[in-house]
Amino acid sequence: MRNSLSLISKTTCVLLFFLVYNPVFSQDIEPRRWTSMPLGSNAIGGGFGHVFGDIAFDPVLQAENATVTVNSFALQYVRPFRIGNKQARIDVLIPYTFAKWEGLLNGEPKEISRNGFADPRLRLSLNFIGPKAMSLKELQEFLKDNPTYTTVGASIAISFPFGQYYGDKLLNIGSNTFVFRPQIGMTHNWGAWSYELSTSVFLYTNNNDFYIDKTRKQEPLFAMQTHLTRKFKKRIWTTVSFGYGLGGNSIVNRQHKDDERGNFLGGLSAGMPITKKQSIKFAYGTTLTLKDVGANTNGFILGWSAIF
């Protein structure tokens, strides 16, 4: 029972690192992405994150010395199910964000705040290599008999343009675009260790209401993330994570903005149980832009999850 409860609690890595849409952040890193869950289980979670740092805007905007502070809350629900004999799962994420930007605009000090729902996300995943769809007892037996195994899966996530958005504002919480994110990844487990590698691409629909009736297109952004996890006694675990993203140039009214993203992400996270069916997670993350446009940030996250 303990191993299975630990697996379930780790799937709800609530409040993914830097879950705020451009121009603040455009990626996330999420450990334990492909963990198996027993059929018939449900996982819910909630989290709070505090992120702060510097932003480099397009020089055309004449914004200098810009900083951002973001406080976000998120709710997540995860449920596994069966497709044939393969394990699949669906998860829903709903974030609410308080964001504040400060800096110089045309040489004058300015401050802007936005509070509201960010874009929610729905994701469907399928593990096509690794443990099959199993009951709790069957999964316990599999883990006992297979201390070393590999899981390979694929997913499609959709972010819906339901977040707060104003067409006459440059800085928004919502994106006013659909974001489709196909992803493929693997996890290799051996004893108390596991290694994870995932690749994905962000595909954006057009924003036809971008800053006073303009049309904004965004090219695909390609991303990779990797995680190394160590499990300890009493269902305690720690993870070190790294990620990188490249691409995402924008085009406004057919004019290329030359604002390609090049982002490095890093993080440390740890989780532990507080009851048989509840656990908490702590995390620290950082982003570093490798381009002229982007963000250098630090963030702290506290998450809670439960199974039923």
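The structure displayed is predicted, hence computed values, not measured ones. Residues take their numbers from the sequence shown, with the count starting at 1.
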Could you work out, with side-chain contact (heavy atoms from CB on, under 4.5 Å) as the rule, every residue matching D213, not counting sequence neighbours? D209
Of all residues at least two apart in sequence or in a different chain, which pass the side-chain hydrogen bond (donor to acceptor under 3.5 Å, both in side chains) check with T150? H188
Listed by chain and number, what are the side-chain hydrogen bond (donor to acceptor under 3.5 Å, both in side chains) partners of K132, not counting sequence neighbours? none
side-chain hydrogen bond (donor to acceptor under 3.5 Å, both in side chains) against T239, all qualifying residues, sequence neighbours excluded: T229
Spell out, as yes or no, whether a donor-acceptor pair under 3.5 Å connects the side chain of T69 to the backbone of F52. no
Which residue pairs pass the side-chain hydrogen bond (donor to acceptor under 3.5 Å, both in side chains) test with at least one member in residues 156-167, sequence neighbours excluded? Y165-N207
Taking G248's backbone N and O only, do any of them form a donor-acceptor pair with R261's side chain (distance below 3.5 Å, no angle check)? yes
Under a 3.5 Å distance rule, please check whether Q87 uses its side chain to pair with a backbone N or O of M37 as donor and acceptor. yes
How would you list, by chain and number, every residue that makes a side-chain contact (heavy atoms from CB on, under 4.5 Å) with R230, sequence neighbours excluded? A192, W193, F232, T238
Can you sort out the partners of F160 under side-chain contact (heavy atoms from CB on, under 4.5 Å), two or more places apart, ordered by chain and number? P120, L122, I158, F162, F178
Quick test of your reading: applying salt bridge (Lys or Arg N to Asp or Glu O under 4.0 Å), list the pairs with at least one residue in residues 93-112, sequence neighbours left out, ordered by first then second residue. K100-E111
Do any N or O atoms from the side chain of T97 and from the backbone of A99 form a donor-acceptor pair under 3.5 angstrom? no
Under the ring-ring contact (aromatic ring centres under 6.0 Å, His included) rule, what pairs show up with a residue in residues 115-145, not counting sequence neighbours? Y96-F117, F142-Y149
Go through the structure and list residues passing side-chain contact (heavy atoms from CB on, under 4.5 Å) with E141, not counting sequence neighbours. K137
Where G185 and S198 come nearest, the two heavy atoms and their spacing: CA-OG, 3.8 Å
Applying side-chain hydrogen bond (donor to acceptor under 3.5 Å, both in side chains), can you list everything that pairs with S250, at least two apart in sequence or on another chain? D259
Kindly indicate, with the supporting measurements, whether the criterion side chain to side chain contact (heavy atoms under 4.5 Å, CB included) is fulfilled by K281 and S269. CA-CA 7 Å; K281 172 189 172 181; S269 54; 3.7 Å; yes
